[in-house]
Amino acid sequence: MIVITRYSVPEADTETFQTDAATAVDALARRPGFRGHRIGRAADDPSLWTVVTEWDGAGYYRRALSDFDVKVNAVPLLSRAIDEPTAFEILAGGGAGG
């Protein structure tokens, strides 16, 4: 599964957001079931950012959110996300050349 959170970040807060996002991902990455992450910014709107994490399944992600370290280091960032659905089941995928 993937979790996609989007954030509206004023230009003046860009460095702080990047630090907070890295801290959050670091805490999440130590939890079982974590596969990887990406942090990105919209090409057409530099104030719109996203943090994408990939998990072995929804249960792993839900359990990660209840970990103390995640509550301290990731939940504050996640709570600032744009209020919209964030968890997605992967139904199809591919790679380069395939």
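Index from 1, following the sequence. Note that these values count all heavy atoms, side chains included, but never hydrogens, waters or copies made by symmetry.
- The other residues sharing a hydrophobic cluster with Ile82 are Leu48, where clustering joins ILVMFWY side chains under 4.5 Å apart.
- Closest approach of Val51 and Ala21 over heavy atoms only: CG2-CB, 4.1 Å.
- Under the 4.5 Å side-chain contact rule for hydrophobic residues, Ile2 and Leu28 do not share a cluster.
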Determine all donor-acceptor pairs shorter than 3.5 Å in which one atom belongs to a side chain in residues 35-44; sequence neighbours excluded.
residue: Arg35; atom: NE; partner: Asp56; partner atom: OD1; Å: 2.6
residue: Arg35; atom: NH1; partner: Glu54; partner atom: OE2; Å: 3.3
residue: Arg35; atom: NH2; partner: Asp56; partner atom: OD1; Å: 3.3

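- Legend: ring-ring contact (aromatic ring centres under 6.0 Å, His included) pairs involving residues 68-93, not counting sequence neighbours: none detected.
- Each salt bridge (charged side-chain N to carboxylate O under 4.0 Å, His left out) pair with one or both residues in residues 8-20, not counting sequence neighbours, appears once here: Asp20-Arg80.
- Residues that satisfy the side-chain hydrogen bond (donor to acceptor under 3.5 Å, both in side chains) test with Thr23, not counting sequence neighbours, are absent from this structure.
- Taking both residues in full, the closest heavy atoms of Leu65 and Val70 are given as CA-CG1, 4.0 Å, listed atom of the first, atom of the second, then distance.
- The CD1 atom of Ile4 sits 9.0 Å away from the OG1 atom of Thr53 when rounded to the nearest 0.5 Å.
- Hydrophobic clustering of Ile, Leu, Val, Met, Phe, Trp and Tyr side chains at less than 4.5 Å, counting indirect connections, keeps Val52 apart from Val3.
- Evaluation of the ring-ring contact (aromatic ring centres under 6.0 Å, His included) test over residues 7-29, restricted to residues two or more places apart or in two chains, returns Tyr7-Phe17, Phe17-Trp49.
- For the pair Arg31 and Phe34, the cation-pi criterion (under 6.0 Å, within 45° of the ring axis) is not fulfilled.
- By the side-chain hydrogen bond (donor to acceptor under 3.5 Å, both in side chains) test, Glu84 pairs with Arg6, sequence neighbours left out.
- Under the side chain to side chain contact (heavy atoms under 4.5 Å, CB included) criterion, Ala58 pairs with Met1, Arg62, sequence neighbours left out.
- Ring to ring, Trp55 and Tyr61 are close: their centroids are under 6.0 angstrom apart.
- For Arg30, the side-chain hydrogen bond (donor to acceptor under 3.5 Å, both in side chains) test picks out Asp26, Asp69, with sequence neighbours left out.
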